[in-house]
Student: 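Can you read through this structure? Questions will come right after.
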Amino acid sequence: MFPPRGAASRGRSPYTDGLYPPPPATRYYEYNHQSLSPVNSFFVPGLQRLPTYEWKPTPSTSPVLPHRTPTMTNGRKRQIDEYSPHVVKRQRLDSSPDLLIAPSLIRGPPPRHPEVLAGSSRSGFDRRFPSPHSRPRPQVPAVPESPNSLQTFAKDKLSDQMVELFEACQQQTSDLARKEMCRTRLQQDIQRVYEVARLYLTGSSMNGLGCRSSDADLCLVLKGNKRHDPIHVLSVLQRLFRSLSYVERIQLIRAKVPILRFREKGSDLEFDLNVNNTVGIRNTFLLRSYAYADLRIRPMILVVKKWARHNQINDASKGTLSSYTLVLMVLHYLQTLNEPVLPSLQRDYPECFNPLMDIDAVPDGPKHIPPYISRNQSSLGELLLGFLKYYATYFRWDEQVISVREARALPKSNSHEWSKYICVEEPFERNNVARAVHEKIKFDIIKAQFVESWRILQQRKDLNSILPVRAISNKESSRR
C-alpha cells in the first residue's frame with residue numbers, strides 16, 4: 001500500500017496559504033456545542049446547493065465573520081491511488097471545535113475545470129452501460145440553467161409522487177434540534193469520565209439524507225496517543241448512561257464496529273454511539289457533498305431507502321443491504337449514466353476528501369469544490385425506473401464491484417473481500433460495505449425484488465404499486 005500522491009504525502013498541509021480562491025460572500029451561523037439555537041440554521045427550506053459546513057477548532061464568543069480561504073494557484077490535483085486504511089484512524093482533534101454552517105451562494109461552474117463530467121436530457125434508463133474497465137469520458141459541457149425547484153424534475157405522476165413523499169418524510173429543523181440537544185447533554189456527561197472527549201452527530205442526521213424517523217449516529221472521538229479499546233470505553237459509558245435520567249434502553253452491541261445503542265427517555269429517538277470510527281465523519285461529509293450536488297439526489301435516495309425498507313431488503317443485521325450501501329448504489333448508478341447526473345468528487349477533487357486529512361479539517365474540504373451542474377434533465381421517475389432496471393438487468397453482480405470513488409464498476413479481484421455476493425466499495429477504507437449479504441438466499445431475494453419492482457413500476461408508472469406512499473407519509477408526518 002502506498003500513501004496518497006496528494007499534498008499530505010508531499011509533506012505539506014492541503015490547506016496552506018495560496019491554494020484556494022476566496023469563496024463568495026456568505027452568511028455564517030455558529031453551530032456551538034453549548035448552544036441549541038444555531039441548529040435551526042442547518043435546515044434551510046428551498047436550499048438548492050451544498051451549504052458550507054465549517055468545523056472551527058477554536059471557540060469564539062465574538063460574532064462570527066465570513067471565513068476567507070487561501071487562493072488556488074493550480075487546477076486539478078493528482079488522483080489518490082492507494083493508501084493504508086489503518087492510517088486513517090490516527091487523527092488529532094483540537095480541544096474544543098465549534099461548527100459553523102452557511103448556505104453557499106453558487107451561480108455556475110467556473111471554466112477552469114473542463115474535466116468535470118457532463119450530462120444531458122437523455123432519459124435516466126436510456127443508456128449504454130460502461131464496461132467494468134471503462135472510465136466516463138471527460139467533456140467540456142455547455143453550462144445549462146441551474147434548476148431552482150424540484151418541480152423542474154416532476155414532469156409526470158411518478159415524479160410528482162416522489163417529490164410528495166420526500167417533502168413529507170425529509171428531516172425537519174425540529175428533528176435535528178432534538179438530536180443536537182441530546183448530543184450536547186451527553187457530551188457534557190461523558191466529559192465527566194473522559195475529559196477530552198468530543199461527541200459528533202454523523203450519518204443521515206448530518207449528511208442531508210435523513211428522514212423524520214431516522215436514528216441518530218454518534219461518533220465519540222478521544223484524542224491523544226493512548227489507544228482506546230472501543231468495547232472498554234462503551235462498557236464504561238454503559239454504566240454511566242444507566243445513571244442518566246434522560247437515557248433508557250441501553251444496549252452494548254459487539255459488532256465489527258461496536259456500538260452503544262440507547263433511546264432518549266420518553267421518545268422514540270434512538271442513538272447508535274461508536275468510538276473513534278472517524279471514517280464515519282469522513283463519509284458523512286462526502287455523502288453530504290453528493291446530496292446537495294443536484295436537487296434530485298435527496299428525493300431519489302429517500303424513495304429508494306423507503307422502497308427497500310418496505311420490501312425487507314434494508315437491514316444489514318438480517319443479511320440484506322444497509323442504508324449506507326443503498327446510498328452508494330444510487331450514487332453509482334447516477335455517476336455511470338451515459339449522461340451522468342453526478343461526477344466522482346473524490347477523483348476530481350482528491351485533496352478535498354484526502355483520507356489522511358486531520359479530522360477537524362474534514363468538514364472544511366467540500367466547500368472548496370466548484371458547483372456541478374449536470375446536463376441530464378431526466379425526471380425523478382425516469383431515474384428511479386433506470387435505477388431499478390440497472391440492477392435488475394445490466395449490473396453483473398458476479399463480476400463487478402460498485403465504486404463511487406471511481407464513478408464506475410470495477411472488476412472483482414480474487415481477494416476474500418470481494419468474494420461476497422454483493423460488492424460495494426467503501427469510498428475511504430475501500431472495503432466491502434455489503435459484506436452482510438453472505439447468504440445466497442438473501443442475495444436472490446434482493447435481486448428478485450429489483451426485477452419485480454422494475455417490472456411493476458414500468459407497467460404502472462405509479463409509486464403506490466411498489467410501496468404504500470400514503471401510509472409512509474402519514475407515519476413520518478405523525479412525528480411532528
Student: Going by atom types only, do Asn311 and Gln449 share a side-chain donor-acceptor pair under 3.5 Å?
Tutor: yes
Student: Strictly below 4.0 Å, N to O, side chains only: are Asp175 and Lys179 in salt-bridge contact?
Tutor: no
Student: Determine whether more than 12 heavy atoms belonging to other residues, nucleotides or ligands lie under 6.0 Å from atom CD of Gln312.
Tutor: no
Student: Is the positively charged end of Arg249 above the ring of Phe262, judged by distance under 6.0 angstrom from the centroid and angle within 45° of the axis?
Tutor: no
Student: Take atom CG of Asn414 as the centre, draw a 6.0 Å sphere, and report whether it contains more than 12 heavy atoms from other residues, nucleotides or ligands.
Tutor: no
Student: Kindly assign one of parallel, tilted or perpendicular to the pair Tyr390 and His332, based on the angle between their ring planes and the thresholds 30° and 60°.
Tutor: tilted
Student: Evaluate Ser159 against Asp156 for side-chain hydrogen bond (donor to acceptor under 3.5 Å, both in side chains), listing each step before the verdict.
Tutor: CA-CA 5 Å; Ser159 302; Asp156 47 67; 2.8 Å; yes
Student: Given 3.5 Å as the limit, does a donor-acceptor pair link the side chain of Glu382 with the main chain of Ser379, or not?
Tutor: yes
Student: Would Glu426 and Arg405 pass as an ion pair if we require N to O under 4.0 Å?
Tutor: no
Student: Going by the rule side-chain hydrogen bond (donor to acceptor under 3.5 Å, both in side chains), which residues pair with Glu452 if we only count those two or more places apart in sequence or in a different chain?
Tutor: Arg455
Student: Tell me whether the NZ or CZ atom of Arg298 lies within the 45° cone about the ring axis of Phe166 and under 6.0 Å from its centre.
Tutor: no
Student: Tell me the salt bridge (Lys or Arg N to Asp or Glu O under 4.0 Å) pairs involving residues 305-314, sequence neighbours left out?
Tutor: Lys306-Glu476
Student: So, Tyr290 versus Gln335: side-chain donor-acceptor pair below 3.5 Å or not?
Tutor: yes
Student: For a side-chain contact (heavy atoms from CB on, under 4.5 Å) check, start with the C-alpha distance between Lys389 and Leu385, then their side-chain angles and the critical distance, and finish with the verdict.
Tutor: CA-CA 6 Å; Lys389 181 179 182 180; Leu385 275 166; over 6 Å; no
Student: Going through the distances and angles, do Val233 and Leu220 end up as a side-chain contact (heavy atoms from CB on, under 4.5 Å)?
Tutor: CA-CA 10 Å; Val233 173; Leu220 181 70; 4.0 Å; yes
Student: Nearest 0.5 angstrom please: Arg183 CZ to Ile190 CD1, how far?
Tutor: 9.5 Å
Student: Checking the side chain of Arg435 only, and the main-chain atoms of Trp418 only, is there a donor and an acceptor separated by less than 3.5 Å?
Tutor: no
Student: I'd like to know if the side chain of Asp272 and the backbone of Asp217 have a donor-acceptor N/O pair within less than 3.5 Å.
Tutor: no
Student: Are Asp462 and Gln161 close enough that a side-chain donor and a side-chain acceptor fall under 3.5 Å?
Tutor: yes
Student: Going by ring-ring contact (aromatic ring centres under 6.0 Å, His included), name the residues that satisfy it together with Tyr391, two or more places apart in sequence or in a different chain.
Tutor: Phe387, Phe395, Trp397, Phe450
Student: With distance as the sole criterion, is a donor-acceptor pair present between the side chains of Thr320 and Lys442 under 3.5 Å?
Tutor: no
Student: Assess whether side-chain contact (heavy atoms from CB on, under 4.5 Å) is satisfied between Ile281 and Tyr200, documenting all intermediate values.
Tutor: CA-CA 8 Å; Ile281 298 174; Tyr200 299 104; 4.2 Å; yes
